[in-house]
Amino acid sequence: MAHWLFKSEPDVFGWDHLTALGQAGSEWDGVRNYQARNIMRQMAIGDTGFFYHSRTGLEIVGIVEVIATAHPDSTAQDGKWECVDVRALKRLPRPVTLDQIKSDDRLPDMVLVKNSRLSVQPVSDAEWQIVLELAGHSPD
DNA sequence: GCCAACGTTGGC
DNA sequence: GCCAACGTTGGC
């Protein structure tokens, strides 16, 4: 299973919004960036991702699961954009802040640090494990 | 709220 | 196909 990172402003659509939708989850719509779209096309059902609060919060707060592969974004008029569906899986015991990630010398290549503008990002297996560890997440 | 970084658009 | 102008994102 591959891992990803989804960014959203909590004022617009935050972790609490997603958890309120329960198992049904939500379209990850509104992405209007080709690189992000291409990354979403690579996602498979059952993949997991971090949920990151941008602009306010600046921390990873939870884990989401991909429940539908890329399909046309219903909020796009021209049919050019796509999205996946995700649902909230679990809140992290401790949020992992951007500062923590930036100052961790094991995470120099995280896209969150290297390309802060990309709203949907790949996360390597190693990065995934390190962030879980920082979050105090106990192994299943 | 500012503005640097980045992506997209469109005139040439 | 270049690149200036413009719009958006997101850390600060």
Side-chain angles (χ1 to χ4, degrees):
Chain A
M1 282 307 162
H3 302 297
W4 314 98
L5 184 144
F6 297 86
K7 242 195 305 206
S8 186
E9 295 186 42
D11 296 342
V12 179
F13 186 85
W15 176 255
D16 291 340
H17 294 93
L18 186 59
T19 53
L21 297 171
Q23 301 295 304
S26 170
E27 283 193 335
W28 197 259
D29 55 31
V31 174
R32 301 291 183 268
N33 172 283
Y34 290 106
Q35 204 182 343
R37 185 199 64 185
N38 292 340
I39 289 165
M40 287 196 290
R41 284 178 171 174
Q42 298 171 34
M43 295 182 185
I45 290 174
D47 281 359
T48 45
F50 291 128
F51 193 110
Y52 175 79
H53 282 166
S54 62
R55 276 189 65 88
T56 52
L58 307 188
E59 58 190 11
I60 295 170
V61 292
I63 299 173
V64 301
E65 179 185 16
V66 176
I67 54 174
T69 53
H71 58 83
D73 182 335
S74 63
T75 67
Q77 317 85 326
D78 49 14
K80 184 166 66 168
W81 300 106
E82 298 176 19
C83 62
V84 296
D85 293 2
V86 299
R87 68 179 176 94
L89 208 55
K90 64 177 68 167
R91 180 186 291 273
L92 293 180
R94 275 184 270 124
V96 178
T97 66
L98 180 62
D99 280 348
Q100 276 179 279
I101 290 167
K102 283 164 76 174
S103 61
D104 194 307
D105 58 14
R106 297 170 299 173
L107 299 171
D109 297 323
M110 269 198 84
V111 182
L112 201 59
V113 178
K114 295 184 86 172
N115 183 4
S116 64
R117 301 263 324 249
L118 191 60
S119 65
V120 180
Q121 313 178 352
V123 174
S124 75
D125 289 345
E127 290 162 350
W128 183 262
Q129 291 304 327
I130 292 165
V131 172
L132 286 182
E133 174 200 314
L134 293 172
H137 180 273
S138 51
D140 299 304

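Only this structure's heavy atoms are used, side chains among them; waters, hydrogens and symmetry mates stay out. Everything numeric here is computed off the predicted structure, so don't read it as measured data. Each chain gets a letter, A, B and so on, in the order its sequence line appears, and its residues count up from 1.
- Rounded to a whole Å, the CG atom of A:Asn115 is 18 Å from the P atom of C:dT8.
- In this model, the phosphate group of B:dC6 is not approached by any side-chain N or O of A:Lys114 to a distance below 4.0 Å at OP1 or OP2.
- Closest to the A:Arg117 side chain, of the nucleotides B:dA5, C:dG10, C:dC12, is B:dA5.
- In this structure, A:Asp11 places its CG atom 14 Å from P of C:dT9, rounding to the nearest Å.
- A salt bridge links A:Asp73 with A:Arg32: at least one charged nitrogen is closer than 4.0 Å to a carboxylate oxygen.
- Atom CD of A:Gln100 is separated from atom P of C:dG11 by 15 Å (rounded to the nearest Å).
- Rounding to whole angstrom units, CG of residue A:Leu118 and C1' of B:dA5 are separated by 13 Å.
- Closest-nucleotide positions on DNA chain C for A:Gly30 and A:Asp99 were compared, and the one nearer the 5' end corresponds to A:Gly30.
- The existence of a salt bridge linking A:Glu65 and A:Arg87 is confirmed by a sub-4.0 Å separation between a basic side-chain nitrogen and an acidic carboxylate oxygen.
- In this structure, the nucleotide among B:dC6, C:dG11, C:dC12 sitting nearest to the side chain of A:Arg55 is C:dG11.
- In this structure, A:Arg94 does not pair ionically with A:Glu59, as no charged nitrogen and carboxylate oxygen lie closer than 4.0 Å.
- In this structure, the CG atom of A:Leu112 is 13 Å from the C1' atom of C:dT9, given to the nearest Å.
- To the nearest angstrom, P of C:dG11 lies 11 Å from CD1 of A:Ile60.
- Across C:dG10, B:dG7, C:dT8, the shortest atom-to-atom separation from the side chain of A:Gln35 is found for B:dG7.
- One interatomic measurement links the two molecules: CD of A:Gln121 to C1' of C:dG10, which rounds to 12 Å at whole-angstrom precision.
- Remark: side-chain polar atoms of A:Ser116 are not paired, donor with acceptor, to backbone N or O of A:Leu112 under 3.5 angstrom.
- A:His53 has its NE2 atom 12 Å from the P atom of C:dG11, to the nearest Å.
- Under 4.0 angstrom from either OP1 or OP2 of C:dT9 there lies no side-chain N or O belonging to A:Lys7.
- Of the side-chain N and O atoms in A:Tyr52, one or more sit less than 4.0 angstrom from OP1 or OP2 of C:dG11.
- Inspection of the A:Trp28 and A:Asp85 side chains reveals no N or O donor paired with an N or O acceptor under 3.5 Å.
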